[in-house]
Chemist: 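Below you will find the structure I want to go over with you.
No hydrogens, no waters, no symmetry mates; every other heavy atom, side chains included, goes into these values. Just so it is clear: chains get the letters A, B, ... in the order the sequence lines come, proteins before strands, and each one is counted from 1.
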Amino acid sequence: MNYFARVYEVVRRIPPGRVTTYGHIAAYLGLRSGARMVGWALNALKNEGDWFSLPAHRVVNRRGELTGRMHFGGYHVMEDLLRAEGVTFLEDGRVDLSRHLWIPGADEPCDAPIAPGP
DNA sequence: TGTATGACCAGTC
DNA sequence: CGACTGGCCATAC
């Protein structure tokens, strides 16, 4: 079963300026705590060299931390990509999930407006 | 076939 | 409040 393809499909659906978490993707796929597999699937992306084809930089952990930034070829690449899309960061260096969190299945959540950024 | 691993999560000490 | 452990599922060796 192409579990990776499932993850890729969900990641592709993430709108610009929005981010989602591993847990939500796993939950959308029907897994309780398959979040590790989500990370593993994205890890396979860099192996395939197609990681740049998918907005993998929009996938963060439940706290909004860019845990996978080291896999983007630089520790600041992922952050720059998100900022370029208008994603705002907290002073802690985490993504403001309260404003940019996007949940799979809800293409246009009404209570998650895109913030214009500072 | 079986063990080890992973860009995680939630609960517990 | 900070740190640790177990679990979860699929892939790789």
Chemist: So, A:R99 versus A:T88: side-chain donor-acceptor pair below 3.5 Å or not?
Modeler: yes

Chemist: Reckon A:R62 has a side-chain N or O less than 4.0 Å from the OP1 or OP2 of B:dA10?
Modeler: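 Checking B:dA10 against A:R62, a side-chain N or O does come within under 4.0 Å of OP1 or OP2.
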
Chemist: Any side-chain donor paired with an acceptor under 3.5 Å for A:E85 and A:H57?
Modeler: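 Yes, a side-chain donor-acceptor pair sits under 3.5 Å.
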
Chemist: Quick one: A:M37 CE to C:dC9 P, roughly how many Å, whole number?
Modeler: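 Computing the A:M37:CE to C:dC9:P distance gives 12 Å.
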
Chemist: Respond yes when some side-chain nitrogen or oxygen of A:T21 is under 4.0 Å from OP1 or OP2 of B:dC8, and no when none is.
Modeler: no

Chemist: Which nucleotide in the set C:dA10, B:dA7, B:dC8 lies at the smallest distance from any side-chain heavy atom of A:A56?
Modeler: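 Shortest atom-to-atom distance from the side chain points to B:dA7.
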
Chemist: So what does the secondary structure string of DNA chain C come out as, 5' to 3', with Watson-Crick or wobble pairs under 3.5 angstrom, [ ] for crossing and | for pairs with another strand?
Modeler: .||||||.|||||

Chemist: Return the set of residues passing ring pair (Phe, Tyr, Trp, His ring centres under 6.0 Å) with A:F72 (not counting sequence neighbours), or none when no residue passes.
Modeler: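 With sequence neighbours excluded, A:F72 shows a ring pair (Phe, Tyr, Trp, His ring centres under 6.0 Å) to A:W51, given in chain and number order.
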
Chemist: Rounded to whole Å, how long is the line connecting atom CZ of A:R94 with atom C1' of B:dC8?
Modeler: 16 Å

Chemist: To the nearest angstrom, how far is A:L42 atom CG from C:dA10 atom C1'?
Modeler: 14 Å

Chemist: In whole Å, what is the span from the CG atom of A:L82 to the C1' atom of B:dA7?
Modeler: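 These atoms are roughly 13 Å apart.
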
Chemist: What is the nucleic acid contact for A:N43, judged by heavy atoms within less than 4.0 Å: base, sugar-phosphate only, or nothing?
Modeler: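 Counting heavy atoms under 4.0 Å across all strands, the contact made by A:N43 includes a base.
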
Chemist: B:dC9 C1' sits how many Å from A:I25 CD1, rounded?
Modeler: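 Value for this atom pair: 14 Å.
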
Chemist: Atom OH of A:Y28 and atom P of B:dC9: how far apart are they, to the nearest Å?
Modeler: 19 Å

Chemist: Round to a whole Å and report the spacing from CH2 of A:W40 to C1' of C:dA12.
Modeler: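 Roughly 7 Å, once rounded to whole Å.
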
Chemist: In whole Å, what is the span from the OH atom of A:Y8 to the C1' atom of B:dA7?
Modeler: 12 Å

Chemist: Could you report the tightest heavy-atom contact between A:R62 and A:T21, atom names first, then the distance?
Modeler: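 So the two residues come closest at CA-CG2, 4.0 Å.
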
Chemist: Measure distances between side-chain N and O atoms of A:Y3 and base N and O atoms of C:dA10, and say whether any donor-acceptor pair falls under 3.5 Å.
Modeler: no

Chemist: Apart from A:L90 itself, which Ile, Leu, Val, Met, Phe, Trp or Tyr residues share its cluster (side-chain heavy atoms under 4.5 Å, direct or through members)?
Modeler: none

Chemist: Do A:R13 and A:Y28 meet the criterion of a side-chain donor-acceptor pair at a distance under 3.5 Å?
Modeler: yes

Chemist: Taking A:N61 for its side chain and A:R63 for its backbone only, find out whether a donor-acceptor pair lies under 3.5 Å.
Modeler: yes

